[in-house]
Every structure is written in structure tokens, then in C-alpha cells.
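Presented below is the structure to which this report refers.
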Amino acid sequence: MSYVDEAIERVIRENPGEPEFHQAVKEVLESLRPVIEANEEKYKKDALLERLVNPERQIKFRVPWVDDNGNAQINTGYRVQFNSAIGPYKGGIRLHPSVNIGIIKFLGFEQIFKNSLTGLPIGGGKGGSDFNPKGKSDREVMAFCQSFMTELVKYIGPNADVPAGDIGTGAREIGYMFGQYKRIRGLFEGVLTGKGLSYGGSLARTEATGYGLLYITEEMLKSNGIDINGKTAIVSGSGNVAIYAIEKAHQLGAKVLTCSDSTGWVYDPDGIDVAALKEIKEVKRARLTEYKNYRPNSEYHEGKGVWQIKADIALPCATQNELSLEDAKALVANGVIAVAEGANMPTTEEATKYLQENGVYFVPGKAANAGGVATSALEMSQNSERVSWTLEKVDKKLQGIMVDIFHNIDDAAKRYGFEGNYVVGANIAGFEKVVNAMEAQGIV
Ligand code: NDP
Ligand code: 2IT
């Protein structure tokens with residue numbers, strides 16, 4: 001059995017009941033085969049793959065808090081510090097009822113390669129809790145965030161581990177967590193990113209993931225001789241990533257026809273109204289059913305459905321495994337040109353394969369959504385320097401990073417004879433820097 005197959009089998013055996021983690025490891029290791037096989041003896045001797053797939057540290061803790069009725073509630077908190085070969089652990093905090101250790105591990109594992117692709121000195125980590133911020137009062141969210149940070153504070157720091165937002169964690173939650181960190185440690189420092197602008201946040205961090213997704217999509221299309229201007233797009237999700245992906249798509253001359261949330265989806269033939277979406281989701285924290293009040297011409301449907309709408313570009317921006325083989329078939333039948341992942345692992349393995357086999361340009365999340373964490377690293381730089389860069393400066397750097405990521409993954413794919421396969425390219429390009437740093441630092 002090859003070293004890659006052995007490593008995959010061991011991950012499945014040793015991490016039972018964690019299908020998302022198995023999926024992420026399989027996808028990465030399968031596509032690293034040519035690189036691993038070229039160095040098999042050395043990597044095996046150094047247990048390189050075993051070290052890569054085993055987090056350096058996993059922390060699991062109780063998060064007690066009191067609700068508005070005076071009742072105690074208990075949630076579980078996690079932080080997985082996966083790999084610090086190239087920098088301090090860096091990655092978001094997901095607050096969603098579906099969170100478990102397997103999901104945090106899959107996200108932390110992906111984060112290693114994504115962070116490497118940014119070209120910036122950040123290692124891979126992820127955290128979260130099964131707490132559901134939906135329907136909670138601001139006071140309840142604060143109580144949870146303070147309790148979560150009271151434990152997390154022991155493990156993080158600006159040179160050790162720097163968390164940020166993800167599903168369910170936005171500016172409000174980061175603010176409460178930062179306040180509690182500062183109170184306990186007595187240190188005003190860049191321990192979290194995605195902070196508010198009045199206390200050390202970076203301009204453009206809010207927009208960065210969605211904008212970055214469009215910058216890399218535009219560059220990928222351009223290098224294949226296609227202009228994004230005038231194209232139609234379908235987007236899923238209506239959170240941080242989706243909103244700013246839609247905004248930038250419109251700025252680049254593409255028209256976005258859909259968005260969705262966990263209960264339903266919207267089709268707007270005139271193009272999604274971003275101002276309305278921001279008001280519904282960022283200000284009112286309401287459901288998408290409200291969208292029709294702003295745009296009478298639009299349609300609201302319960303359930304799933306955005307991938308059935310005909311468009312040139314598909315941008316999944318909600319959650320993992322939201323785009324199935326059946327959805328991929330509908331996209332291909334409707335003549336989709338490109339799929340770029342705003343979310344982490346939104347496309348199932350079979351769907352990815354089907355899209356690639358049918359000539360669809362496919363940019364995986366670890367490259368396509370890296371603009372968020374890249375801008376987080378720029379926020380860390382500004383905090384260290386005690387300065388704030390202008391919006392133009394941060395946005396220009398973000399654009400440069402996304403363009404570089406595209407060319408690096410494109411080149412890596414070509415080097416190994418997989419021209420146009422950006423999944424293979426991203427995994428190889430991300431892996432090369434991490435493995436180099438791991439080898440240099442010895443068996444640790
Ligand atoms: P938000 O919480 O802001 O938005 C998430 C959106 O996805 C909401 O519209 C939500 O609907 C929907 N959604 C979440 N879970 C599900 C589900 N199980 N089924 C259907 N819809 C769901 O999160 P973000 O926009 O920040 O994150 C979206 C994706 O992008 C995630 O995969 C995240 O890991 C990834 N990502 C985020 C980055 C960031 O900087 N924020 C950076 C890189 C990747 P509802 O409101 O109804 O729950
Ligand atoms: O998945 C991700 O890259 C994020 N949620 C952003 C992480 C970060 O540290 O900005």
C-alpha cells in the first residue's frame with residue numbers, strides 16, 4: 001500500500017465519526033500523490049504525513065452562561081491548533097449548532113494550506129462552539145462570548161494563536177471576546193482579527209473574503225481568455241462572505257441572481273440588491289423572507305434551489321457540502337463556466353470531480369476564500385506596527401495576494417502535469433511551503 005493510502009486509512013481508523021475531517025484529508029492527500037511519491041522514503045521516515053494530519057493540540061472546554069430567564073446553559077468550546085510550522089496558529093471561530101470536533105478539525109486542516117497560500121507567516125488553526133447565536137439577545141451573546149474567552153484566553157496570544165470570525169461570529173462577537181481577553185490579561189494587543197475599526201481592526205477586513213473571491217475569479221477567467229464583465233452569477237448564503245462577494249461581482253460588471261440562507265433562497269432577475277441584503281442581514285438579523293418587501297419583482301422559495309438557476313458563474317458561500325453531485329449536474333446542464341468556493345469545502349467530492357470532468361473551471365476554497373485570512377494577517381501587521389493603513393492600501397494588497405495565489409496554484413498544477421486543475425495546484429502549492437518549514441524544524 002502506498003504511503004498516501006496508508007495515511008488516509010489511518011486517519012479514518014483513528015478519527016471515527018468525523019466524516020468532514022476524513023473528506024478534507026482525503027482530498028488533500030490524494031492530490032499530493034505526485035509530490036509524496038517523489039519523496040516517499042524520506043517523508044515516511046520522518047512520519048511527515050502523520051505529523052501533518054495530527055493537530056499539534058486540541059482543546060475542548062465547557063462554556064457555561066446564564067440566559068435571559070436566569071437559567072444556566074452549557075455549550076462546548078473547541079480550539080484546534082493544527083500546525084504552526086510557518087507562523088502562529090490563525091483561523092476563525094465558528095458558532096453554529098452543528099459544530100463538533102470533526103468539523104473544527106476539517107476547517108483547521110484546510111486552514112494550514114490556505115494560510116500557506118497567502119504567502120504570509122500564519123499557521124493553521126480553528127475554533128468554535130455548538131452555541132447558536134440566532135434568536136439570542138445581545139446580552140446572552142455577550143454572556144456566552146465572555147465565558148468562551150475566559151477559557152480560551154489561556155491558549156491564545158498575538159504570537160501564539162490569533163482567532164477571528166467564521167459562521168456565526170461577526171463584529172459583535174469579536175468585540176465581546178476582545179473585551180474579555182483584555183480584561184483578563186490586562187493587555188491591549190492584536191489577539192483577534194476582524195476587530196472594529198475603533199479598536200484595532202483593519203479597513204477592508206469585513207469585505208475581504210467576498211472581494212478576494214471575486215478578484216481571484218476575475219483573474220482565473222482572464223487568464224483563460226474570459227471577461228467577467230457582463231456575466232451572470234449565482235451565489236448561496238447571505239452572510240459575510242456572500243454579501244461582499246455579491247457587492248464586488250456587481251462592481252466588476254457581473255449580475256448576481258440569487259442568494260440564500262438556511263431556510264430559503266431568493267431569485268432576483270434584476271440582480272440582488274446589496275443595500276437591502278445588508279439591512280436585512282447585518283442590521284435587522286432577519287430572514288430572507290423580508291427581501292420581497294424591498295424588491296417586489298423577486299421570488300422567495302423555501303428550501304434549497306440556487307444551483308438550479310442558469311448562470312455563468314457559481315459561488316457557493318454558505319457552508320460545507322452544500323453543492324451536491326445533483327447540483328453539479330444542473331450547473332453543467334445550464335452551461336456554467338466557473339465555480340469558485342467562497343465557503344470552506346462547499347462542494348462534495350463527487351460534485352467537484354463531475355465539474356472538473358465537464359470542463360468547468362473550479363477554484364477550491366483554500367485558494368478562493370483566502371482573502372479573508374490574508375487580510376487578517378494584514379490586520380496583525382498593522383497592530384504590530386501600531387498603525388492603520390488606508391482602505392486603498394489594504395484593498396490593493398488584497399488584490400495582489402489573490403492574483404498571486406491564482407498564478408501560484410496555476411503554475412504548481414502545470415509543474416506536475418495537471419494544467420487547469422486548480423485543486424491539485426492549490427494543495428501542492430500550499431503543501432510545499434509548510435513541508436519545507438516542517439522539515440527544517442526537525443521532528444517536532
Ligand atoms: P455567516 O455566519 O456570516 O453567514 C453564513 C451564511 O450561510 C448564512 O447565510 C447562513 O444562513 C448560511 N448557512 C450557514 N450554515 C448553513 C447550513 N448548515 N445550511 C444552509 N445555510 C447555512 O458566515 P460567513 O459568511 O462568514 O461564512 C460562510 C462560509 O465562508 C463558511 O464556510 C466559512 O467557513 C467560510 N469562510 C468565511 C470567512 C470569513 O472571513 N468570514 C473566510 C473564509 C471562509 P443562516 O443565516 O440562516 O444561518
Ligand atoms: O475560514 C477562514 O479562513 C476564516 N474564517 C477566516 C480566518 C481568519 O483568521 O481571518
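Atoms within each ligand, like the ligands themselves, are counted from 1 in listed order.
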key: Heavy-atom nearest neighbour in the protein, as seen from atom 33 (C) of ligand 1, with distance rounded to 0.1 Å   =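 Sorting protein heavy atoms by distance from atom 33 (C) of ligand 1 puts Asp166 OD1, 3.2 Å first.
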Backbone, side chain, both or neither: what part of [X] comes under 4.0 angstrom of ligand 1, heavy atoms only?
X: Arg205; value: side chain
X: Ser260; value: backbone
X: Glu322; value: neither
X: Thr209; value: side chain
X: Ser98; value: neither

For [X], counting its heavy atoms only, list the atoms of ligand 2 lying under 4.0 Å from any of them.
X: Gly92; answer: 7 (C)
X: Ser376; answer: 8 (C), 9 (O), 10 (O)
X: Lys126; answer: 1 (O), 2 (C), 4 (C), 5 (N)
X: Lys114; answer: 1 (O), 2 (C), 3 (O)

key: Any N/O pair Asn369/ligand 2 closer than 3.5 Å   =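 No, Asn369 has no N/O under 3.5 Å of an N/O on ligand 2.
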note = Judged by heavy atoms only, the candidate from Ala242, Gly168, Ser262 nearest atom 11 (O) of ligand 1 is Ser262
note = Closest heavy-atom approach to atom 5 (N) of ligand 2 among Asn240, Ile167, Asp166 is made by Asp166
task = Heavy-atom contacts with Lys134 under 4.0 Å: which atoms of ligand 1 show up? List them by number with element.
result = 45 (P), 47 (O), 48 (O)
ask   = Using a heavy-atom cut-off of under 4.0 Å, does the side chain or the backbone of Asn344 touch ligand 2, or both, or neither?
value =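 For Asn344, the contact with ligand 2 is made by the side chain alone.
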ask   = Where's the contact between Arg205 and ligand 2, heavy-atom distance under 4.0 Å: side chain, backbone, both or neither?
value =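 Side chain only.
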query = Parallel, tilted or perpendicular for Phe148 and Phe61, by the 30°/60° rule?
reply =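 Because their plane-to-plane angle lies in the 30° to 60° range, the rings of Phe148 and Phe61 count as tilted.
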query = Between Phe188 and Phe178, what is the ring plane arrangement, given parallel below 30°, perpendicular above 60°, and tilted in between?
reply = perpendicular
Thr209 side chain to Gly371 backbone, donor-acceptor under 3.5 Å = no
message = Just to check, does Gly165 reach to within less than 4.0 Å of ligand 2 when the distance is taken from its heavy atoms?
response = yes
query = Gln111 near ligand 2, heavy-atom distance under 4.0 Å?
reply = yes
Candidate pair Glu27 and Lys366, rule salt bridge (charged side-chain N to carboxylate O under 4.0 Å, His left out), full reasoning = CA-CA 12 Å; Glu27 186 248 305; Lys366 62 173 73 68; 3.5 Å; yes
